[in-house]
Amino acid sequence: MIKKLLLLSTAFIFSAGLFAQTALEREIIKSATDPVKKRQLRLSLTEIANKNQKEVAQYLKSHPSLAKSLNSGSDERWLERIDSNGNPVFLVPYNNFVGAKTIGVNKVQNNGNLGLDLKGQGMNLILWDGGYARKTHNGFSGRVSYGEEGKLESDHGTHVAGTMIASGPTFVLIGMAPNATITSYHFDNDITEMVVEASEGFLISNHSYGAAVDSDTPVWYYGRYDAVASSFDNITSTYPYYLPIVSAGNDRGKGLNFEDRGYDLLTDRSTSKNVITVGAVESVFTYSKASDVKMSNFSSFGPTDDGRIKPDIVAMGVSVLSLSKESDSASNMKSGTSMSAPMISGGLMLIQQLYNQEQSSFMKSATLKGLALMTTKEAGDNPGPDYRFGWGLLDVEAAAKAILDLNNGSSIQENTLNSGGNYIQTFTTKSNDRISFALSWTDLPGTPLGDDAVEDDSTPMIVNDLDLKVVSSDGTEYFPYKLDPSEPTKAASTGVNNVDNIEIIHIDAPAGDYRVEITHKGALANGEPQDYSLIVNGGTPQTASSNSEKLEGLSIFPNPARNIFNVTLNAATASDSIAVQLYNTLGQIVIEEEFSNNGTFNEQIDISGVNSGIYFVKVTDGSRSSTRKLIVQ
């Protein structure tokens with residue numbers, strides 16, 4: 001297994017007291033993309049786009065009244081494609097200060113309690129919507145540009161952009177990242193344009209829209225993993241730093257898919273594995289318990305047909321006051337998951353900005369997603385995730401604290417798992433309240449289901465199925481949360497998760513050490529390695545220096561060693577079980593073996609597969625441990 005800690009060296013510039021995303025950093029992000037996969041993605045998506053354009057043109061030719069309506073300039077719908085049954089599929093927009101407070105943005109800006117002033121300085125967000133944001137609006141101060149020409153402004157796009165980056169005109173209109181910039185697009189060619197922006201090294205895009213549904217929409221359409229979702233996963237797995245934020249939709253309460261009691265209403269982009277899908281809740285002025293987070297009366301619930309935890313997260317989307325396109329000083333109020341998604345987009349951009357400030361690099365999208373979802377504020381009726389609130393309410397403050405506490409009370413690693421390989425690492429508790437573990441990865445695109453899909457086809461869309469398990473020092477095993485799509489109102493359980501590419505374990509009132517084990521089921525696709533992120537909050541990697549009372553008579557020889565080394569100790573003073581661990585200089589476990597103490601202890605450890613270098617051998621009998629440096633030749 002190839003392992004690498006997420007602290008890659010990156011050049012940076014100093015701007016307004018904070019680190020910004022520079023052209024050189026984007027070049028580093030761009031270089032992380034496999035050129036062969038990049039070419040394959042472009043060819044695949046171009047073929048799909050050409051097919052859709054041809055079929056749409058033919059459809060509009062035979063439906064001239066629809067063509068006239070769509071070209072009128074006042075219709076914000078876009079005819080995206082014609083499905084295999086000949087039906088048109090439309091994209092429609094889903095219909096700031098309090099929102100920022102709801103997700104904790106105020107805690108990382110000036111006058112916040114973390115001593116930070118994160119406002120998106122030097123950061124750029126990408127926006128696709130039903131029309132451009134009004135770039136002359138006073139609230140944007142010249143920070144909006146257009147990624148294309150020839151499209152019209154829209155009130156919806158202006159409102160969404162305002163939630164992300166508005167700097168006024170009044171304090172109640174200030175957005176999540178009021179010093180950031182936005183590149184604004186019309187959503188008629190989003191997938192192809194996403195490839196362009198992702199290939200340029202940009203990090204986050206907002207998509208407050210989705211497929212239009214009505215009472216005639218067939219029930220099999222809901223929750224289905226379709227070609228659009230697969231395309232989003234194709235882009236994000238090719239460009240590992242790029243994270244789209246997608247609205248869950250506003251279709252609950254319309255009597256759609258009534259047999260599922262308001263559940264199973266997600267469509268197209270929102271069912272993608274690698275995006276963050278956002279639901280909408282009411283404002284939260286003060287949070288003290290899960291019931292403080294009130295669900296809106298419109299936000300679409302999951303699950304996906306294969307039972308994945310969707311939506312992923314929630315933010316304020318009820319009665320959001322933001323900018324309007326009616327004039328350069330206008331504002332208005334809107335509700336919808338269209339309004340909650342940009343709360344998340346702006347908040348996550350601040351988290352990326354802070355990480356860059358602290359570590360001189362940016363997180364991969366899987367890392368950012370894992371950090372955001374594991375540090376949410378609890379919402380819903382039961383502990384853990386559900387199909388209404390996802391993992392809960394975004395907590396920018398908690399995510400920021402985890403970054404500020406790296407190496408002291410938290411850990412972020414970006415690793416690679418080889419086919420047939422595993423990862424084992426022990427973490428020492430640093431918090432008496434909770435220790436949390438998150439395994440997150442951008443999965444390869446699944447095979448999309450066709451336009452005549454079976455209703456609620458439960459075929460897992462996961463391609464590389466990684467697994468997370470945590471074992472305490474007393475042998476207790478902990479498994480990640482999972483949900484049951486056949487009983488969507490049921491509380492989350494824990495166990496082996498077979499569908500999600502985000503796995504989270506929370507352990508309350510922790511004590512001692514916890515061993516993390518990451519494996520995978522079957523063979524990894526094409527035998528190629530799978531990158532993943534491991535985020536730990538409330539614990540740090542156990543290192544060779546974290547010793548307790550020493551073992552008596554410990555001897556390790558030969559040293560330097562080649563192929564094998566021996567461990568002996570005074571067995572009469574040791575417990576019945578003795579563990580031997582070999583650590584590298586990064587504090588990662590390379591070899592771990594456990595032996596029985598039969599009155600004499602003289603064991604031989606095989607290191608024939610270990611690279612030459614400096615290592616540490618830790619020998620533990622449960623209550624005591626000793627460590628020796630070992631040179632492997």
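Here the structure is a predicted model, which is why all the values come from computation and not from measurement.
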Q. Can you tell which of Lys334, Lys325, Arg134 makes a side chain to side chain donor-acceptor pair (under 3.5 Å) with Asp155?
A. Lys334
**Q.** Sidechain N-carboxylate O distance under 4.0 Å for Asp395, Lys107
**A.** no
Q. Which pairs pass salt bridge (Lys or Arg N to Asp or Glu O under 4.0 Å) with one or both residues in residues 179-191, sequence neighbours excluded?
A. Lys151-Asp188, Asp190-Arg269
Q. Passes side-chain contact (heavy atoms from CB on, under 4.5 Å), Lys482 versus Ser493? Steps please.
A. CA-CA 6 Å; Lys482 61 179 183 176; Ser493 61; 3.7 Å; yes
Q: Starting from the C-alpha separation in whole Å, work towards a yes-or-no answer on side chain to side chain donor-acceptor pair (under 3.5 Å) for Ser322 and Asn96.
A: CA-CA 6 Å; Ser322 187; Asn96 277 322; 3.1 Å; yes
Q. Which one of Leu466, Asn497, Asp500, Asn501 satisfies the side chain to side chain contact (heavy atoms under 4.5 Å, CB included) criterion with Leu439?
A. Leu466
Q) In Å and rounded to the nearest 0.5 Å, what is the CG to NE2 distance from Leu323 to His159? A) 8.0 Å
Q. Between His156 and Tyr209, does the ring centre distance come in under 6.0 Å?
A. no
Q. Between Trp128 and Glu193, does any side-chain donor sit less than 3.5 Å from a side-chain acceptor?
A. yes
Q: Give the intermediate values and the outcome of ring pair (Phe, Tyr, Trp, His ring centres under 6.0 Å) for residues Tyr387 and Phe301.
A: CA-CA 6 Å; Tyr387 290 131; Phe301 294 163; 9.6 Å; no
Q) If you look at every heavy atom in Gln109 and Pro178, which pair is closest and at what distance? A) NE2-CD, 3.7 Å
(Q) A quick test of your reading: do over 12 heavy atoms of other residues, nucleotides or ligands sit less than 6.0 Å from OH of Tyr481? (A) yes
